[in-house]
Amino acid sequence: MTLTDDKAAVQISSLNKWYGAFHVLKVVNLTIPSGSRVVICGPSGSGKSTLIRCLNGLEAYQQGTVTLGTVRLGDNARETALARRQTGMVFQSFNLFPHLTVLSNCTLALRRVLSMPRKEAESLARHFLEKVRIPEQANKYPAQLSGGQQQRVAIARALCMNPRLMLFDEPTSALDPEMVKEVLDVMTGLAQEGMTMICVTHEMGFAREVADQVVFMDQGSIVEQASPMTFFSTPRRSVFPQHAAALMRREGPVATDTRIWTDIDFDKDGKQITCLRLPFSSDRSAYGTIPIPIVCIRNGVGPTALLLAGNHGDEYEGQVALGKLARQLDASELRGCIIILPALNYPAVDAGRRVSPLDQGNLNRMFPGDANGKPTETIAHYVSEVLLPLTDIVIDLHSGGTSLLYLPCCLIRVGRSETETAQLIELMRVFGAPIGSISDGSGGGGATTLSATAQALGIPALTTELGGGATMSRAGETLARDGVLRVLKHMGILPDAIVEPAGPTRTMRVDGRHAFTYAPVRGIFEPAVAVGDEVQAGDLAGVIHPIAGPSEPARSVQFAQSGLVACQRAPALTEPGDCLFKLVVDVP
């Protein structure tokens with residue numbers, strides 16, 4: 001036997017894995033003694049499932065070693081095959097053969113791999129079906145069983161091969177709440193018998209009761225490993241992401257106190273098209289909800305991308321581009337997950353306004369939000385506390401809306417380190433807008449924007465400006481769609497995407513508050529330049545004509561600094577304080 005009682009069951013050393021350019025496992029080191037029960041937890045996309053699949057050869061890795069018992073995987077094909085045979089695997093989606101009975105599912109490997117006689121194989125299979133408490137289901141087909149029963153069949157099938165190590169990849173995530181307990185009870189029984197178990201799960205009650213080690217992963221790394229008592233009583237919060245506390249409270253599929261709900265299962269493979277439900281009580285609908293469209297497309301393990309538009313309701317290129325992608329993409333094309341919300345602030349989208357008509361809320365000035373706040377604050381909170389922690393990158397597609405005309409550009413915030421900034425600049429160039437703008441975060445919404453909240457969580461964020469004037473620019477929509485596809489391909493989520501390569505990106509920045517030109521008086525603004533023009537400090541920006549008539553003088557407005565005109569005001573009628581122009585300058 002290769003997995004012996006006196007050896008470590010699993011030894012993982014300096015394990016690294018990439019999906020394309022996405023570094024999914026980063027120098028993972030972990031020792032699991034024989035007979036131990038290890039729970040691996042963490043946010044979706046943190047690398048948990050990828051790690052566990054590397055342990056039995058379902059995923060190849062590029063660097064490091066995995067040793068099962070005395071066998072280092074890959075060194076010797078025969079010994080590797082034997083070690084894998086002694087490793088049982090239970091998947092979140094059951095993976096039963098639908099055309100075979102329960103009994104045949106359990107005996108197939110015994111007969112084909114071990115050449116066991118039929119009667120002996122069936123006797124062994126019935127023994128383990130008894131062990132998982134469903135002997136009466138032996139002659140039924142998987143479609144005739146509940147989800148909990150199907151998962152218990154999967155456990156029995158794995159046990160039939162007499163494994164020395166059992167791997168569980170979120171075995172309860174696809175189950176209804178009432179079915180979770182029956183599967184956990186079986187797993188608890190196996191643990192009490194001394195089976196070496198590694199379980200990826202969000203079931204923290206199971207971790208407290210059964211595990212002797214809890215491993216917390218985030219962004220491809222192990223950030224904490226401790227006993228359940230230490231993990232749940234005195235965790236090293238300084239190394240946790242902001243969502244870790246919510247995960248540790250989690251006893252179901254959603255770890256949050258949000259009032260928004262949905263029937264989306266973010267861990268389920270396939271394409272789900274439905275909505276978020278935002279509770280809103282009004283005179284005409286006391287128990288009403290506002291539906292916010294959402295699409296979740298997942299295929300196996302890999303990075304997760306969050307794609308958003310309609311943050312402001314009068315910006316249309318992103319809404320159209322994401323709507324097209326949501327209709328066109330099929331789960332089979334993916335490696336990982338894409339979550340799409342094409343009309344994030346749906347009340348504003350429905351009204352064609354920048355702000356919500358329900359509460360006058362500007363969504364991109366309300367992050368990280370408030371679970372018990374006004375509708376727009378509640379949406380911001382859901383994105384911050386539920387969606388962002390699931391993701392590896394967020395792309396928030398904006399345009400100039402009703403009040404601005406914008407030069408097409410992609411925007412990032414300066415990272416918290418030189419390495420982070422370099423990674424963001426690379427993603428910005430992959431997106432492929434003609435202008436790439438780097439912000440220090442001091443202007444606009446400051447810390448109240450979605451990109452600021454994403455940065456605080458360590459999630460790369462790209463924002464765009466694609467047109468404006470409350471029109472729908474075909475060129476802007478094409479840039480949105482192609483730019484998103486290029487980023488998804490770069491990250492390995494859509495490895496086979498067919499998309500035009502990115503053109504050159506001119507890297508620029510806003511050079512302080514004097515980059516903005518504001519209207520000093522009320523009147524009709526006549527611009528002297530257009531978006532894309534180069535201007536010098538002191539040049540004429542335009543003239544504001546008084547609406548009272550020629551009895552009052554017109555007012556000239558000059559630029560305070562030199563630069564490229566990135567945006568200009570669209571409506572002619574202006575009030576004091578309206579932004580007329582924004583300039584950007586080249587990054588040295």
Side-chain angles (χ1 to χ4, degrees), residues 21 315 317-318 321 393-401 404-415 418-444 449 451 455 460-469 473-491 499-517 527-539 541 559-570 579-588:
E315 301 171 1
E317 290 81 2
I393 185 170
V394 56
I395 302 178
D396 187 19
L397 299 172
H398 286 257
S399 299
L404 296 173
L405 299 171
Y406 243 103
L407 194 66
C409 62
C410 181
L411 302 92
I412 60 171
R413 293 168 65 94
V414 174
E418 290 185 4
T419 299
E420 184 177 299
T421 300
Q423 291 172 341
L424 287 165
I425 291 173
E426 180 186 17
L427 288 169
M428 181 176 69
R429 289 174 176 161
V430 169
F431 187 91
I435 300 296
S437 181
I438 303 176
S439 167
D440 63 6
S442 62
T449 63
S451 58
Q455 184 179 66
L462 299 180
T463 308
T464 66
E465 299 291 355
L466 300 164
S473 162
R474 290 183 63 188
E477 186 274 328
T478 299
L479 174 59
R481 188 175 68 252
D482 289 353
V484 166
L485 287 174
R486 282 190 284 263
V487 172
L488 295 176
K489 184 172 186 176
H490 175 76
M491 295 193 66
V499 61
E500 292 291 326
T505 294
R506 183 178 177 184
T507 306
M508 310 190 79
R509 65 182 176 87
V510 174
D511 188 16
R513 300 194 183 279
H514 289 299
F516 297 87
T517 301
V529 299
V531 167
D533 288 346
E534 299 273 1
V535 301
Q536 300 296 316
D539 283 356
F559 290 106
Q561 65 176 224
S562 304
L564 176 75
V565 178
C567 78
Q568 73 175 76
R569 179 171 172 79
C579 179
L580 303 177
F581 293 103
K582 182 181 82 170
L583 305 181
V584 290
V585 298
D586 289 301
V587 172

What I'd like to find out is whether the side chain of [X] reaches to under 4.5 Å of the side chain of [Y], using heavy atoms alone.
X    : Y    : answer
V565 : L407 : no
V510 : K582 : yes
Q423 : L427 : no
C409 : L411 : yes
V484 : L397 : yes
R413 : T449 : yes
I395 : V487 : yes

Heavy-atom closest pair, residues [X] and [Y]:
X    : Y    : result
G415 : Q455 : CA-NE2, 3.7 Å
E317 : G467 : OE2-CA, 4.1 Å
A21  : H490 : CB-O, 3.3 Å
G563 : V585 : CA-CG1, 4.1 Å

Separation of [Y] [atom2] from [X] [atom1] (nearest 0.5 Å):
X    : Y    : atom1 : atom2 : answer
I438 : I412 : CD1   : CD1   : 4.5 Å
C410 : I425 : SG    : CD1   : 11.5 Å
M508 : S437 : CE    : OG    : 8.5 Å
C579 : R569 : SG    : CZ    : 9.0 Å
M428 : T464 : CE    : OG1   : 13.0 Å
L564 : L583 : CG    : CG    : 8.0 Å

Is a side-chain N or O of [X] found less than 3.5 angstrom from the main chain of [Y], in a donor-acceptor match?
X    : Y    : result
S399 : G468 : no
Q561 : D511 : yes
D482 : L479 : no
S562 : A537 : yes
Q568 : L405 : no

### Query
Should E426 and R486 count as an ion pair when the cut-off is N to O under 4.0 Å?
no
### Query
So does R506 pair up with D586, basic N to acidic O under 4.0 Å?
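Result for this pair is yes, salt bridge flagged.
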### Task
Verify whether one side chain among E315 and H398 offers a donor that lies under 3.5 Å from an acceptor in the other.
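Side-chain D/A pair, E315 to H398: present.
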### Query
Ring centroid separation for F581 and F559, is it under 6.0 angstrom?
yes
### Task
Quick one: do T507 and R429 satisfy side-chain contact (heavy atoms from CB on, under 4.5 Å)? Show the steps, please.
CA-CA 9 Å; T507 306; R429 289 174 176 161; 3.2 Å; yes
